[in-house]
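Following: one structure in structure tokens, then a few remarks.
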Number of protein chains: 2
Amino acid sequence: MSNICDHNRCKKSARKAAEHLCKELGVRFTTHRRRVFEIIWQSHKAMSAAQIMQQMDNSQPPITYRALDFLKNAGLIHHVTSLNAYVGCLHTQNPNHIGQLLICTSCYNIVELEPKTAIEKLTFEAKQHGFRPNQTHIEMLGTCKDCLKNERNA
Amino acid sequence: MSNICDHNRCKKSARKAAEHLCKELGVRFTTHRRRVFEIIWQSHKAMSAAQIMQQMDNSQPPITYRALDFLKNAGLIHHVTSLNAYVGCLHTQNPNHIGQLLICTSCYNIVELEPKTAIEKLTFEAKQHGFRPNQTHIEMLGTCKDCLKNERNA
DNA sequence: TTTGCAACTGTTACAGTTTAACAATAAAGA
DNA sequence: TCTTTATTGTTAAACTGTAACAGTTGCAAA
Ligand SMILES: [Zn+2]
Ligand SMILES: [Zn+2]
Ligand SMILES: [Zn+2]
Ligand SMILES: [Zn+2]
């Protein structure tokens, strides 16, 4: 969780990936979409639709929800279903990867594990059941290192 | 997915576990709670709160939500966050196990994998990050064997 | 048995979240 | 330029979940 990232670098890289991807898909990275994207990328924390909307000059809900749908479908963000929130994804190289998230319920920072960490066995089991996977959510809620430290010092 | 279960047996077993657990916890398995429990256990399909409420004679929301909270906290059902729905849990022996669900988005049948299938690596990674897990969701959405077969025949 | 506490229920009203629908614009290509 | 498609603006409504508080029930101690 630790903010050990050079976050300007995170943002820049994400932005670049987004622009590249949109060009490739022949879709537009419009103002609203870019706006929501930047808001989400302010940090590695999960953000709810409502929080995002607030920063969108309280624009009407459809504006934000459409942008979120767009970004999600493009694989640029993850929907954190257990929090009903969103977070930026850095693994845009393979847009079909499965998000495996460590989510701190104290500070809402999120670390995304490298693709394939826990997924192999799950995929194997699915195959055993004749199940065709389409979308997978792996979300571990808990407390991150930093927040644990703060707990102890409190 | 396949309804290869003797579902009366599933229900009976779940009911027994629920009664046992409530006794052990010193809480009551009241009418509403039992009602919601039975509704959820009609099948292995995910059910939304709204669907459940319909079958509760359209009783007021708090009735149903309270019962759902109770059952969830008791470990008798799983909250399927990616669908915002609920499903019965058969692994009531260890109430703190992690639900690992194969969810068919065509028929909404759910198979729950045995505890520990995919979780080891995830837990290992969490430890590497100094993260203390508290609650984990592993949900694979897709199409089950039966629905795949129907697709081909359609 | 009575009394008192805690768990549970009933009910109202509200807050929060998401979507439908459709008209208006803007961009891209023929 | 004209046509088509993607995107936006706007309103209103549907859906989902909760706060608050009064009433009731079960249980156990006095
Ligand atoms: Zn960063
Ligand atoms: Zn990702
Ligand atoms: Zn069954
Ligand atoms: Zn379970």
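Worth knowing before you read on, the calculation uses all heavy atoms, side chains too, and leaves out hydrogens, waters and symmetry mates. Here is the naming used below: chain letters follow the sequence lines, and residue numbers restart at 1 for every chain. Bear in mind the structure is a predicted one, so any value in this text is a computation, not a measurement.
Nearest to the side-chain atoms of A:Ala50 among the listed nucleotides C:dT18, D:dT8, C:dT17 stands C:dT17. When the nucleotides D:dT7, C:dC8, C:dT18 are ranked by their closest atom to the side chain of A:Tyr65, C:dT18 comes out on top. For A:Arg33, taking side-chain heavy atoms from C-beta onward, the closest of the listed nucleotides D:dT8, C:dT11, C:dC8 is D:dT8. Closest to the side chain of A:Arg28, out of C:dT18, D:dG26, C:dA27, is C:dA27. If you check D:dG9, C:dT18, C:dC8 against the side chain of A:His32, the one that comes closest is D:dG9. Of the candidates C:dA27, C:dG10, D:dG17, the closest approach to any side-chain atom of B:Ala49 belongs to D:dG17.
Atom CG of B:Asn73 and atom P of C:dA7 are 14 Å apart (whole Å). Note: CG (A:Asn84) to C1' (C:dA15) measures 15 Å, nearest angstrom. Atom P of nucleotide D:dT11 and atom CG of A:Asn58 are separated by 15 Å, given to the nearest angstrom. What separates CD1 of A:Ile63 from P of C:dA20 is a distance of 16 Å, to the nearest Å. Note: CG (B:Leu68) to P (C:dT9) measures 13 Å, nearest angstrom. Summarising the geometry, the separation between CD on A:Gln60 and P on C:dT17 is reported as 15 Å, rounded to the nearest angstrom. Look at CG on B:Leu25: it is 16 Å from P on D:dC27, rounded to the nearest Å. If you measure from atom CZ of A:Arg34 to atom P of D:dT8, you get 12 Å, rounded to the nearest angstrom.
Under 4.0 Å is where a charged nitrogen must lie from a carboxylate oxygen, and between B:Asp6 and B:Lys11 no such pair does. Look at A:Arg15 and A:Glu38 and you find a salt bridge, because one of the NZ, NE, NH1 or NH2 atoms lies within 4.0 Å of a carboxylate O, short of that distance. Under the 4.0 Å criterion applied to side-chain N and carboxylate O atoms, B:Arg34 and B:Glu19 are assigned as salt-bridge partners. Using a cut-off of 4.0 Å between Lys/Arg side-chain N and Asp/Glu carboxylate O, A:Asp69 and A:Arg33 are scored as not salt-bridged.
The side chain of A:Thr30 contributes no N or O atom lying less than 4.0 Å from OP1 or OP2 of D:dA6.
The aromatic ring centroids of A:His137 and A:His79 lie 6.0 Å or more from each other.
You'll find a donor-acceptor pair under 3.5 Å spanning the side chain of A:Arg66 and the base of D:dG9, going by distance alone.
Of the two residues near DNA chain C, A:Ser48 and B:Pro61, the one whose nearest nucleotide lies more 5' is B:Pro61.
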